[in-house]
Structure formats: C-alpha cells, structure tokens
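Owing to the predicted nature of the structure, the values given are computational and were not obtained by experimental measurement.
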Amino acid sequence: MNLKSKFTPQSWPEHPELSTAEGKNKVVGFWIFLGGETVLFATLFATFLALKNKGPSGMEFTTQNLFELPLAFIMTMLLLTSSLTSVYAMYHMKNYNFKGMQAWLAITVLLGLGFLGLEIYEFTHYVHEGFTFSQSAFGSSFYTLVGTHGLHVVIGLAWIVLLMVRNAGRGLNLYNAPKYFIASLYWHFIDVVWVFIFTVVYLMGVIK
Amino acid sequence: MMKGLKKWRLFALLTALIVFLSGCGKNYLSTLTPAGEVGREQHNLLLLATAIMTLVILVVVVIYVLAIVKFRRKKVGENVIPKQVEGSTTLEVLWTVIPIILLLILAVPTVALTYKFADTKAMDAKDADGKAKAVTVNVTAKLYWWQFEYPNEGIVTSQELVVPTGEKVYFNLKSGDVKHSFWIPTIGGKMDTNVENINKFYLEFDKESKDLETGVFYGKCAELCGPSHALMDFKVKTLSKADFNNWVSEMKASKNHVASGDLEKQGEDIFKTSCITCHAVSGDGKGTGIAPNLATFGDRNRVAGVLDHNKKEIKKWINDPQSVKPGNTMPQPEKINNGKKFSDQELDALAAYLMGLSVEK
Amino acid sequence: MSSTAKKKGFGATIWDYLTTVDHKKIAILYLLAGTLFFVIGGIEAMLIRIQLAKPDNDFVSAGLFNEIITMHGTTMIFLAAMPLLFAFMNAVVPLQIGARDVAFPFLNSLGFWLFFWGGIFLNLSWFLGGAPDAGWTSYASLSLASAGHGIDFYAVGLQIAGAGTLISGINFIVTIVNMRAPGMTFMRMPLMTWTTFIASALILFAFPPLTIGLFFLIFDRMFGSNFFDHTMGGNTIIWEHLFWIFGHPEVYILVLPAFGIYSEIIPVFARKRLFGYSSMVFATILIGFLGFMVWAHHMFTVGLGATANAIFAIATMAIAVPTGMKVFNWLCTMWGGSIKVTTPMLYALGFIPSFVAGGVTGVMQAAAPVDYQLHDSYFIVAHFHYVIVGGIVLALLAATHFYWPIMFNRMLNETLGKITFVFFFIGFHLTFFIQHFLGLMGMPRRVFTYLPNQGLDTFNLISTVGAFFMAIGVILLVINVIITSIKGQPCGRDPWGDGRTLEWAIPQPIPFYNFKQTPLVRGLDTYWIEKMEGNKEGMSYAEPISDIHMPNNSFIPFVMVIGLFVAGFGALYNQDADKPWSLVALIVGLAITFGAMIVRSLKDDLGYHIHKEDLLNDKGGNE
Amino acid sequence: MSHDVHVEARSEEEYKYNRRKASQAMRNQVTVFAIMIFLTFVAFATVQAGFSAFLVVPLILLFAGVQVALQLYYFMHLSEKGTGIMQFFMYSGMIVAFTMILAFVTIIWW
Ligand code: HEA
Ligand code: HEA
Ligand code: CUA
Ligand SMILES: [Cu+2]
C-alpha cells in the first residue's frame, strides 16, 4: 500500500482500520489477544480473591481498614472519562480529522497520567503504613493485580504517545489508522479491567 | 449399591486374568490384593472400569481389523475410486449414545464412592470424656519420615503405623515441610499431606499383618518431595483390637524403659548426649516433630524405612545417613559428635541400645 | 530478494534463516530445533530407564534423577512435541487454506526465536549449577524449597518459550480467520486447519494462567512475595490449580493437531473422503471446550472435597464421547475405502488402537475413587505415554514421512520407514504397557530407585528393553533423513498420488510466495475435486496474475529475543549478592528488547512487491 | 495481503449521510458514557451507605457487568457487523475466566 496516497474526507474509507488486509489482521489479532488478556486478569483476580486478607498470623491489614473509597472514586472517574475521550479521538479518525484525533488523544493521555499519579500516591501511602509487596500474601496479590493493571496503563500511555509523536508529521493514512484504532481498543480494555478492580477490590473490599 | 450383582462372577474371572498377567505383585504392596474395605471397593471399581474399557477396546479393534482386512487396496483393486461417503447420522447417534451409557454405568458408583470415602463425620463423635470414639491418627509427613500421633491415647510413634483391624481408622494428614502424599497401596487410595491444611480420610484394615511375608504392609510417599522421595517409605502393622490396646499401654509405659547390659548402657549414654535433642525414646506424649520417635525402634521392620533391620545397617545409617537417604535432615556424625566420626565400638553400643528399644517383647 | 537468487553461500543461508519470515522456512527451523530437543529429551528418557532397569541401581544419583525426569517432561512437552507440531502447522496450514503466508510473518519469526532461546535457556541449567528438580509440574512447596537456581531456570525459560507459543497461537488464529482463499468457508477447511485453529484457541486461553503462575513463582523465589508461602498467608494449592488450568488444556493442544494430521493421512491412503466431516469438526470444538472444565482431575487426592471431585470426575469422563466420535469416524473412513499401507498410513494405523488404549485408561483415572489408588503411580506414567507417544509422537513420525515432500521436495525411504515403525511401535508397547501393572502393584512414579524382591524387578527390566527399541527406531529415522538428503530425488507435485487438499496442488518446489494466483476453493478436498474433474492444473483460480506483496526479512525478532535472553540471566542471578553484574544484565537485556521494539514500530516496514512480469517468467520454485 | 485496497471516493451525498450517521453515533456514545458514570456513582453510593452485603455485592457486580458490556459493545464497537469471531473469542475467554474465579473462591480453603 502506498504511504503517500493522499485522502480527502470524502475518499477516506468509512472503516479505515479495516480497509487493508494488514489492518484487518491487526484488529482481529488484537481482539483475540484481548481474549487472552481477559483470562490473564481473571487469573490475577482469582488469586486476589483467594488470598484477600491472608497474611502472617496477627496481620493488621485488611481491605476494610486499608482502602479509601474517595480516592478510588476519583481514579475511576478519570479513567472512565479518558475512555470517552478516546472514543472522540476515534470519531475524528473516521472523519479524517487528524488534528482533532491528536488533540483528543492528548487529553486521554493527560487523564491517564492523572490516574497513574493517584495510583502511585496510593501505593506509596500503603507502603508507608507498612503494607508492602512482601509483607503478606494479601499484599503480594493486591500489588500484583492492581500493579499489573497499572503497568497496562503505563504501556498504553507510552504506546499512544509514541503513535502521536511518530505520526505528527505525516498525518493519517491507511497504514497507521489501524494502529491508532487498536491502541484505543487497548485503552478501553484497560478501563474494562478497572471497572472490575474498583468493584471487586475496592468496593467489595470495604463492605463490612 | 452394587450389591447382588451377578456380574461379579465375571469380574472374578477378569481378576484371575489380571492375576495371571501381573503375578499380582506382593500382597503387602500391591493394590491388586486389597486387605481392607476401602481398598477392596476401589479395586472393585477398578475392575468394573477395566471391564468397560476392555469392551470398548474390543469393539474398536474388531471394526479396525475387519476394515483393514476387507479394504486393502490389493483386494479392492488398484484403480478403484471408492464411493465418497459423507457420513451417517444413524451411526453418529449410535456412537454417541452407547459411550454415554457406558460412562453412566461407571459414573454412578464413582460418585457414590467419592462421597462415601469423603465421609469423616464419625471423627467428631465424642464419648462422655470428650474423647473421640473412633481411632484417630494424626499423620505428619516430614522430609523423609512419618510421625504418627494418637491424640486419644496420648502416644506417638513414627515410621511404623500401628492400627487395629476390623474398624474404621481416621486420619488427619498434614505436612511439616513440603507436600507429601500418604499411600498404603494394599489398604486403600492415597491422600496428600498439604502444607496449609489438614486433610481427613479413613481406612479400614482387615488382615493382621503378622501373616504377611514381611510382617507389615508397605506404605509410600506418593508425591515428589526431594531427592529421597523414593525412600520415604513407612510400614503398617495391623493388630487385633486386643493386641492394639495392649500395644497402646505398652507405649505409655515405654517412658520407663531402662537399658540392660553394659553395651546398651554405653549406647544409652552416647544417645543421651548426641541424639536425645531430636529423638525421643518414649512413646508417651506428642513427639518432637524434629526426628522419628524411637520408642518402638526394636520392633521395627526397617531402618529409616528402607534399610534391613539389623545392627550392621543401623551402624551404616548412623555413620553416614546422607549416603543412605540423600537430603534427609539427620546430621552426619561429625556434626553431633564434636567433629569426629563414631568409633566402631560406639556404633555397636548405639546399635545395641536402639535394638533394645521395644514395647512388644 | 528476487526469485532467481541462486546457490547461496553457507553464511548467506544462515543469515537467511536468522532473518526469515517465510512460514515454510520457519517450519524447517521448528523441525530442526524440535528434533534437537526431542533427542535431548529422549536421551534423558533413556537415562531414566537405565537407572530403573534394576533395583537399587546407582547409575545416577537421587538428586540427578529428579533433575532428569523434570527436564525430560519439560523438554518433551514444551520444547519437542509442541514445536514439532508447530513445524507441520507452519508448513501446511497456510498452503491448505490457499494463503500467501501467515497473518503476521514477523511475529511468526519472533515466536520461533522466543521458543528456541527459551529452550536453550532452560537447558543451560545443566551447566550452570543444576537443572530444575521439582518435576515438570513444579509444585510450589517443593519448588520453593528447592535450592540452587534450577527452578529459576525452569520459570524464566518457560516464561520466554511460553511467550513465543502464545504469539504463534494468536498468529495461527488470525491466519485462519482472515487469510482463507475465496470459497474456503469454515466448513470447507481441512481438519489439520481446524485442529490448528482450536489448538491455537486453547493456547490463547491456557497460557495466560501458566504465565501468571510462573510470575508468582519467580516473584516468590526472587523478589520476596508470598503467594505460595503458607506462613505468610500464601497457598500452594493456587499453584496447583494454575498449573493444571494450563496443563490439562496443554495436552489437548498437543493431541488435537495430532488428530488433525491423522485426519489428513487416513483419507488420502483410504482414497476416501473423511467420514463425518462435520461431526469431526464438532468433536474438535467440544474437546477444546471440555478441556477447560476438567483440570482438577489431576488433583483428586489434594483434598478438594467430594463434591468438587465428583463434578470433575463426570466432566472428565464426558471427554470420552467426542473423542470416541473421532475414533469411529476414522474407522468408518477406512471402511469401504481402498487402503494403501504406506509409512504414514502405517503410523496412523498403529495410532488407533494405541491411542484408544491410552484414552480408556484416562477414563479409568477419571473415576476419582480409582484414581486415589492410581494417582502418582506408574499407572499414570503408562496412561500418558500411551496417549502422548501413541497419539502425538506417532503423529509426528507419520507427518515427517507424509509432509517431507512438501517441506523438502523429497520422499523419505519407504522401506526404511516401515522398519523404523516396527522398532518404534514394538518398543513403545513393550515399554509402557507393562507400566500399568507396575503402578497397580504399588510402584509410585518419580522414584529414582526401588527395593529388590517387591515384584517390580522383571517388569522394570522389560520396560527398559522396550525403550532401547524406541531408540533404535529414532536412530533409523535419522539415518533415513540423512540418506534422503544426500541421495533423494525431487519428487514433484502430489507424490502420494491421492492428495486431496490444496497443499498437494501447489507445484514443487514451492515458490517462496506460495500461490502465483490465489486459488478458488470449490468444496471440501478441493484438489480432489479438481482432479476428479480432470483439471490438469490442479486448481481453479480466483483472480488473474498480478503483483504480489511480500513482507521483508527482518533481524529484529532475533535481537529482541536475545535481549530477553540476557535479561533472563539478569533476573535469575539478581538474588545472588555476589553477582552485581546481574542488574546490569537485566537492564541491558531489557533495553535491547525495548530498543528493538521501538525500532520496529518507528520504521515503516511496508514490504515489497513481486511484479507480474517476474511471476510470469518464474516457471517453478525459488531454489 | 497481496493487493492494495481500492478506495473509492464517495459521492457528496453519501459522504454527508455517513457524516450525519457518525455524529449521531457519537451522541449515542455520550449517552452511554452518562449511563456508565451513573452506574459507577450508584455503586459507590450503595457501598458508602452501608447496606447489607447480600444486597450490595450482587448489585455492584451486576453494574460492573453492565458497564463492561457497554464498553465492549459501544466504545469498542463490538455491536457492529462482522465481529462474530471477536465476540466468540471474548466470550470464550470470559467462560474460562468465570470458571477459574468460581473455582478459586470455592475450592481453595483458608
Ligand atoms: C496428549 C496427552 C493426553 C491426552 C489426550 C489425555 C487424555 C485423557 N486423560 Fe490424561 N494425562 C496426560 C496426557 C493426556 N491425557 C498427562 C501428561 C497426564 C499426567 C500429568 C502429570 O501428572 O505429570 C495425564 C493425567 C491424567 C489424569 C490424572 C491422573 C492422576 O495424576 O491422578 C487423568 C484423570 O482423570 C486423565 C484423564 C484423561 C482422560 C479422561 C482423557 C481423555 O481425553 C481420553 C479420551 C479418549 C478415549 C476414551 C478413547 C477413545 C474413545 C472411544 C473409543 C469411545 C468409547 C469410550 C468410552 C465409553 C470410555 N489424564
Ligand atoms: C511429549 C512428551 C513425552 C514423550 C515423547 C516421552 C517419551 C518417553 N518417556 Fe516420558 N515423560 C513425559 C513426557 C514424555 N515422555 C512427562 C511429562 C513425564 C513426567 C515428568 C515428571 O514426572 O515430572 C515423563 C516421565 C517419564 C517417566 C517416569 C519418570 C518417573 O516418574 O520417575 C519415564 C519412565 O520410564 C519416561 C520414559 C519415556 C520414554 C522411554 C520415552 C520414549 O518414548 C522416548 C523415545 C525417544 C528416544 C529414545 C530418543 C532416541 C534418541 C537417541 C537415543 C539419540 C540418538 C541420537 C542421534 C542419532 C544423534 N518418561
Ligand atoms: Cu515425601 Cu515423597
Ligand atoms: Cu488432564
């Protein structure tokens, strides 16, 4: 396919991410990868549920006295909103509006960074209180589950930023449209996982 | 459940076949010579399963042989193009339904027995003194030896499990270090000893072990647990209820054991300085959990589960336990005897003393 | 890059293979590496059998024995059986569906190198202070207690190799979903393709639990977490579940492609359409699905409780039904056909009764109360070697003979092939049949020795003798391969005469771009249909000849994997205080990997085109 | 993989129509977002209010399920045509996930 072929909004296909064979492969492949990721996170959730509040005898930390809902709520809002902004970005991508897309992605990244910052704050806070990765099985499973999600956020951010920088000078084409599209899928998936994290870890954690 | 089934005749025949095929193994070790209710029921289910499976294999092989014989190209003709058949719904249904029926025949007793073997409610039945009515043994598996504690009787032994015949014996199984698995093939199927929880199950012992070639049933560790996993054997002595009660009181009395004779006395002295920190020699109490309780050592069938039970092997063991069971936790003599090996004479003394530790004489 | 490049030097060939993204060459790489590991695993098996030939033997020591069985199991499953199956999947599936290559050629190469270096990493443990010794299952209590770095090699090595497998699995799925030639509907796909598809789906869902389990193990051993340390609230049963949630589907990942291979061979040599095609497809899917519902049958004695045991027992038994459908369909394919007993067919014929025997012992074990006796005894060893050797290894040997013409344009010697079969087959039954009785007679598995006069001596000796027969068989095969590569003649298209599917329709040697024109698929067994209708070309085409777009070769996958390989050592030695360089290795390794990834994503790699004129001039292959 | 796509310029008419359709769809997305925010809010609120766990847990799990479905079907466009295979793999993954979690909360003791 030709990188240089120029498009107008009119000639830009309705599904740019699917209009090349490579694009189709990428999108289908990525969805299948997400199927695998589902199981990966399920494993972490399952382990967390099995090890929740388990520790050396006399351990003081429990989900009830550790977690704070307001923080989790703010984090949730940030991430949910970033999901919407990336929907906007894809909307502009399909309209062949490169600037609009980049702008909305930038907002997405900012929201993601906010989320990440809060998460780091939360973790350092716990560590200060003495609740660490190696303090108990509960600690190990908590940090691994939430941390793996955090790692996904980091990767997602890096990915989006890389795409934005890389393509800033060349605009949209059929070669990079699928890349943008799957990056946004990835970002939504991160949000999907978070929905379960705040429900299962935080909300179900603080219920007495 | 499977009562009154005439089919057992057929199974007897099949057993005979298997016996013929295998020589059956030894009656103190083989699962094919069950000597207890649990083992027997498992054996019966095994035979039922074998019968079904033999049938399946037979059917397949008959079709298979016929197909090969009838439809070789030599017979059919070199250039014949066979009819390209798509399939057959009737046949599909047939070979879905028949296996399901066969599996159901297997599944019903499977489920029933699974629940039966897991039924340990009787363990909780207490008599007036708050003691459990059933004989209960707390098994602790350690690298590479077994401790058997009898909480009701307040005694402890190791390496050789002693149980009464003719009643259900209940077990609490636990591991002291890594995972092991408790298996007495002739008596009944195994149960793991986990590190984080206690498993419960029961076994029944029909036959008194003194009639066996070896005098005891053989027990095995069935979960890989390190280099000497293969050597983590234990033995089972089954006694009539009366003999068992007798044994229990002898065990309680074993704390009063005194060594007789000079050699044994000398052995006792060495033992008191080097060994007593780990090994108890009284069957009374709960056991140290560090090393096998040696109160019944003289009555044993093997040394450390695997060596022949005589003075020569005892000396070999004490002199170099690591060469016998690599990775086991009993220290080499240098470690416990001020950096020296035991002299031959000291070993003799220890052996004599250990042989004298007995409750059954 | 042109199709006319002739006779390359040795160095150029090596470079070509290091950078190739062509599925046919990657297939050859898988074949070579898989064979290497199969021979290593086989030698380990021989050591096991020699040690057990007589009671109280001291051929190898207790600790070493545990290392050998662990490495035997791990090597055979992860580094021999799977890659060898991948070899044939890679070689055949794209051709069968009329595709130019797999969906992600770059990832295909990455997957291979990950597997290869992961395997090397694991095997280096032999030289770097001892191999893993906790069994291929590596149960957590023991694997945490195990001293030295053996278990670390296991965890990190499998992590690397496993990533490769996962990538390849996704690749196959997308290939099969997206790259089928026009007319190739799902219900016209050959069974090799179907089983590859389902096995890949199983990989997709089974490997993540293993990945996580291995991470837990790595964290526990190297970074101070407490997943499995019960004194800190951890639980070793979690490992057992994770391992078997992976482990059980894994055995179907192995056996389904093997079923696929038989489903190709039997119709060809019975000269008859596969009986009950749609029920075969249905059975494959059902086996895949049920495969995820039965893992706890490996844990009947753990103490999960009667209800769990009963449920998993029933679910396990259910798998016999779809598997039975397959067996009877194969039998009915032969029935009424015209059977020619070539070497591949001989293996297929040997497979049927052997696998059924292994399968039914599986069902016996599924009866939980019986399994209380059988678990961790030699009966289990007998069961799984019957299904694995009788199912998978026979399939691999069959496929080697069957697909050799496609991969190398040569035929392996038939007579020698049949002799190989006889040795291997007799040896196989001799070795493993008797082990059923060893188990029933009270011999636990994973024992480095046993006491004399317990009735186990003779049978063990017989078993060892059988293993030597198998070794002779394998050596004969190697000889056959060597002879063929020296003296073999090009065999041309459809050498078996009765090929039915597209891979046989393509001219030999196969051009590096596969099909000059995308074929049009007009039904199940396309090539057969065309042949029956007298089409000399063997194919109908879906489009006129036009330019072909090809991906570029790339060295990046190799570099990425080397980075991970180095980082693996860094992580592994990070726990040792006396190895400060380990942190450097970890960082440098990861930097290499990420650097290579960034290069890959920054550089637009658009491939190149083969022009129509060149295609028209190209009369045959690319050699 | 072998050929470039031929992208045909759409007629002005068609283009306008598509544009309208897209912005209509975008408005739907915003509605979906509003629902998600609402669900999240209710979930946090019921927990904060301290109702009985037997009531709250199923409720918030249900809400989570709905939210995820919305994400998948609207934000990630699974509701569009030609996504059968993707749905198949997602659902298969979820079945495996569910089985595993069920097992871990029932048969792993203390
Ligand atoms: C390719 C590999 C493979 C395959 C295909 C199978 C297939 C099966 N396996 Fe096996 N299994 C292993 C590899 C495999 N297994 C391995 C490696 C282990 C040990 C791991 C370890 O611990 O190290 C193991 C262990 C194992 C266990 C655990 C034993 C234990 O450790 O206690 C069990 C228990 O249920 C089991 C059952 C089964 C069953 C029911 C099948 C079924 O799929 C078989 C179905 C096939 C048939 C039944 C034959 C054909 C059917 C018919 C002709 C129809 C009619 C049949 C009937 C009505 C019965 N297997
Ligand atoms: C794909 C899987 C696979 C395959 C193919 C095999 C093949 C074989 N296996 Fe293995 N086996 C396992 C998977 C496999 N095994 C697993 C998973 C375990 C459990 C491990 C554990 O407990 O953790 C196991 C365990 C296991 C045991 C039990 C160990 C124990 O519990 O103590 C035994 C014992 O007999 C055994 C034997 C054999 C033999 C004789 C072969 C033979 O079929 C091998 C045949 C091949 C050869 C003989 C190679 C010949 C080549 C040469 C001799 C060299 C020639 C060289 C040149 C020409 C250069 N295996
Ligand atoms: Cu203890 Cu094996
Ligand atoms: Cu299994």
Notebook entry, point to check: Are side-chain heavy atoms of B:I81 and C:W528 found at a separation under 4.5 Å?
Noted result: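 The answer is yes; the side chains approach within 4.5 Å.
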Item checked: CG (B:N79) with more than 12 external heavy atoms under 6.0 Å ->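 Open.
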Notebook entry, point to check: So, B:E78 and C:K340, do they make that salt bridge, N to O below 4.0 Å?
Noted result: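 No salt bridge links B:E78 with C:K340.
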Notebook entry, point to check: Between C:D376 and B:K220, is the closest basic N to carboxylate O distance under 4.0 Å?
Noted result: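 C:D376 and B:K220: not salt-bridged.
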Notebook entry, point to check: Taking it one step at a time, do B:E92 and C:S279 satisfy side chain to side chain donor-acceptor pair (under 3.5 Å)?
Noted result: CA-CA 8 Å; B:E92 299 285 356; C:S279 76; 2.8 Å; yes
Next item on the list: Dump the intermediate steps for salt bridge (charged side-chain N to carboxylate O under 4.0 Å, His left out) on C:D498 and B:R73, then the final yes or no.
Entry: CA-CA 13 Å; C:D498 286 315; B:R73 188 156 305 169; 3.5 Å; yes
Contact winner vs chain C - [options], heavy-atom pairs under 4.5 Å:
{"options": "B:E86, B:K325, B:H229", "result": "B:E86"}
{"options": "B:K70, B:K179, B:K74", "result": "B:K179"}
{"options": "B:T31, B:T214, B:V76", "result": "B:T31"}

Check: Side chain, backbone, both or neither: which part of C:Y139 has a non-hydrogen atom closer than 4.5 Å to chain B?
Finding: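 Only the side chain of C:Y139 comes within 4.5 Å of chain B.
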Margin query: Quiz question: by atom type and distance under 3.5 Å, do the side chains of B:T114 and C:N309 form a donor-acceptor pair?
Written below: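 No, because no side-chain N or O of B:T114 sits under 3.5 Å from a partner of the opposite role on C:N309.
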Item checked: Among B:L106, B:L104, B:V111, the one residue meeting side chain to side chain contact (heavy atoms under 4.5 Å, CB included) with C:I314 ->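 Output: one option passes, namely B:V111.
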Margin query: Has C:Q373 got a side-chain atom pairing as donor or acceptor with B:L32's backbone, closer than 3.5 angstrom?
Written below: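 No, the answer is negative, given that no donor and acceptor are paired below the 3.5 Å cut-off.
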Next item on the list: Just say parallel, tilted or perpendicular for the rings of B:W95 and C:F328, cut-offs at 30° and 60°.
Entry: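 Correct class here is parallel.
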